[in-house]
Amino acid sequence: MPQTTHLLNSDHDGLAQAAALLRSGALVAFPTETVYGLGGNARDAAAVAGIYAAKGRPSFNPLIVHVADLDAAELIAVFNDQARKIAAAFWPGPLTMVLPLRPASGIADLVTAGLETVAIRIPAHPVARALLREFGGAVAAPSANPSGKISPTTAAHVMGGLSGKIAGVVDGGACPVGVESTIISLAPLTLLREGGLVREDLTAVLGPLADGGDAQKPNAPGQLTSHYAPAAQVRLNVVTPRPDEIWIGFGDCAGSPLSLSPRGDLVEAATRLFSVLREADALQKPIAFAPIPEIGLGRAINDRLRRAAAPRD
Ligand code: TXA
Ligand code: MG
């Protein structure tokens, strides 16, 4: 049923309204440092079912639980010494840990899609933290876009995809990181999704990481291979674009009409990635991306671009 989607300020009143909506079982999108999340009370099965419905998401794909602090996290997941060490080093921040689900967590089964593990994170964005504190519980939140589409990094992006399907959007401006969180699992330490916390920072603290994730397995992140799909065809690592293509530059790319970062800065490129994909898509021409180095945030950027370029069903 269509509903009015309220655009809420990130001031005290707006956050109080957003928290009240979450308590009532309604869905509210909110900014995190990575992308906007589509939030619902993780302990309310009907609210979580509503998240899947609003996104049109295949229900086998589990959600990340967002909490304000480690005490709240420990009510939901089982932390060992290694998990606590990782939390101390990287939370709050753009890192999600997949940990054993605590049996009495009260988290709705739909959040974990029936798995015995739960993906959990403490976001660093001040608006997300204030909302989580005000709400006081755990918020299940996938990226706030229709399933398979480009992740949102502004409130306007969220409105464009989900207006009429959710109760509200808290406007906290543009997301400072711009790509989704890095996801790891423990025992053995495995990188399941490249993201906003770069691999080099993780390995500096934790030592070597195995690569995991399998796009064919629905319970692994990375999920469906085709993702972030613009309407247009996408080619990668293009040094010489065709005349019909929009060439998206990185660094020195004379003649590129749209650039992820003219000065070749990966942080800026990550911040701009999803907005630029949307802008390019609106031009209704094939899109060609210049090469992005496979280091630091370049790994997450290239991962998202490969999904944007993947064959569609
Ligand atoms: O930055 C982010 O991570 C954003 C913000 C809103 O926090 N959220 C996000 O959620 O990207 P989503 O739903 O688009 O991606 C969550 C990923 C999925 O690939 C899912 O398969 C994986 O997390 N996931 C969730 N629970 C899992 C579990 N128990 N085991 C393995 N993977 C899990
Ligand atoms: Mg997503």
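In each ligand, atom 1 is the first atom listed, and ligand 1 is the first ligand listed.
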Enquirer: Do Ser259 and Arg272 meet the criterion of a side-chain donor-acceptor pair at a distance under 3.5 Å?
Expert: no
Enquirer: Check this for me: does any side-chain nitrogen of one of Arg235 and Glu245 sit under 4.0 Å from a carboxylate oxygen of the other?
Expert: yes
Enquirer: Can you check whether Tyr36 has an N/O within less than 3.5 Å of an N/O in ligand 1?
Expert: no
Enquirer: Should the pair Asp303-Arg307 be classified as a salt bridge under the 4.0 Å nitrogen-to-oxygen rule?
Expert: yes
Enquirer: In terms of atom number and element, which parts of ligand 1 are under 4.0 angstrom from non-hydrogen atoms of Asn61?
Expert: 18 (C), 20 (C), 21 (O)
Enquirer: So that I can tick it off, tell me whether Arg121 and Glu33 are bridged by a salt bridge, with the cut-off set at under 4.0 angstrom between side-chain N and carboxylate O.
Expert: yes
Enquirer: With backbone taken as N, CA, C and O and side chain as the heavy atoms from C-beta onward, which portion of Arg57 lies under 4.0 Å from ligand 1: side chain, backbone, both, or neither?
Expert: side chain
Enquirer: Any idea which part of Thr117 is under 4.0 Å from ligand 1, heavy-atom wise: side chain, backbone, both or neither?
Expert: both
Enquirer: Are Glu268 and Arg263 close enough for a salt bridge, meaning some N to O gap below 4.0 Å?
Expert: yes
Enquirer: May I ask you to check if ligand 1 and Ser181 share an N or O to N or O distance below 3.5 Å?
Expert: yes
Enquirer: For Arg193, counting its heavy atoms only, list the atoms of ligand 1 lying under 4.0 Å from any of them.
Expert: 2 (C), 3 (O), 9 (C), 11 (O), 15 (O), 16 (C), 17 (C)
Enquirer: Taking side chain as C-beta onward, heavy atoms only, is Ile287 less than 4.5 Å from Trp247?
Expert: no
Enquirer: At less than 4.0 angstrom from any non-hydrogen atom of His66, what atoms of ligand 1 do you find?
Expert: 5 (C), 6 (C), 7 (O)
Enquirer: Looking at non-hydrogen atoms alone, which of Gly178, Pro142, Ser185, Ser147 comes nearest to atom 10 (O) of ligand 1?
Expert: Pro142
Enquirer: Working note: Thr154 + Arg278, criterion side chain to side chain donor-acceptor pair (under 3.5 Å); need CA distance, chi angles, decisive distance, verdict.
Expert: CA-CA 12 Å; Thr154 66; Arg278 285 165 194 269; over 6 Å; no
Enquirer: Taking both backbone and side-chain atoms of Thr32, is any N or O found less than 3.5 Å from an N or O belonging to ligand 1?
Expert: no
Enquirer: What atoms of ligand 1 come within less than 4.0 Å of a heavy atom belonging to Leu115?
Expert: 28 (C), 29 (N), 30 (N)
Enquirer: Which ligand 1 atoms, with their elements, are less than 4.0 angstrom from a heavy-atom of Val35?
Expert: 4 (C)
Enquirer: If the cut-off is 4.0 Å to any non-hydrogen atom of Ile183, which atoms of ligand 1 fall inside it?
Expert: 17 (C), 23 (O)
Enquirer: Given the rule in the salt bridge (charged side-chain N to carboxylate O under 4.0 Å, His left out) test, do Asp44 and Arg23 qualify, once you have shown the distances and angles that lead to the verdict?
Expert: CA-CA 9 Å; Asp44 178 338; Arg23 278 192 286 272; over 6 Å; no
Enquirer: Which ligand 1 atoms, with their elements, are less than 4.0 angstrom from a heavy-atom of Arg121?
Expert: 1 (O), 5 (C), 7 (O)
Enquirer: Please answer whether the main-chain N or O of Ser143 pairs with a side-chain N or O of Lys55 as donor and acceptor at a distance below 3.5 Å.
Expert: yes
Enquirer: Flag Ser147 as yes if one of its N/O/S atoms falls below 2.8 Å of the Mg ion (ligand 2), otherwise no.
Expert: no
Enquirer: Count I, L, V, M, F, W, Y as connected when their side-chain heavy atoms are under 4.5 Å apart, and connections chain through other members. Are Tyr36 and Val127 then in the same cluster?
Expert: no
Enquirer: Give the contacting part of Thr112 toward ligand 1: side chain, backbone, both or neither, where contact means a heavy-atom distance below 4.0 Å.
Expert: neither
Enquirer: Output the list of atoms in ligand 1 that are nearer than 4.0 Å to some heavy atom of Ser143, sorted by atom number.
Expert: 8 (N), 9 (C), 10 (O), 12 (P), 14 (O)
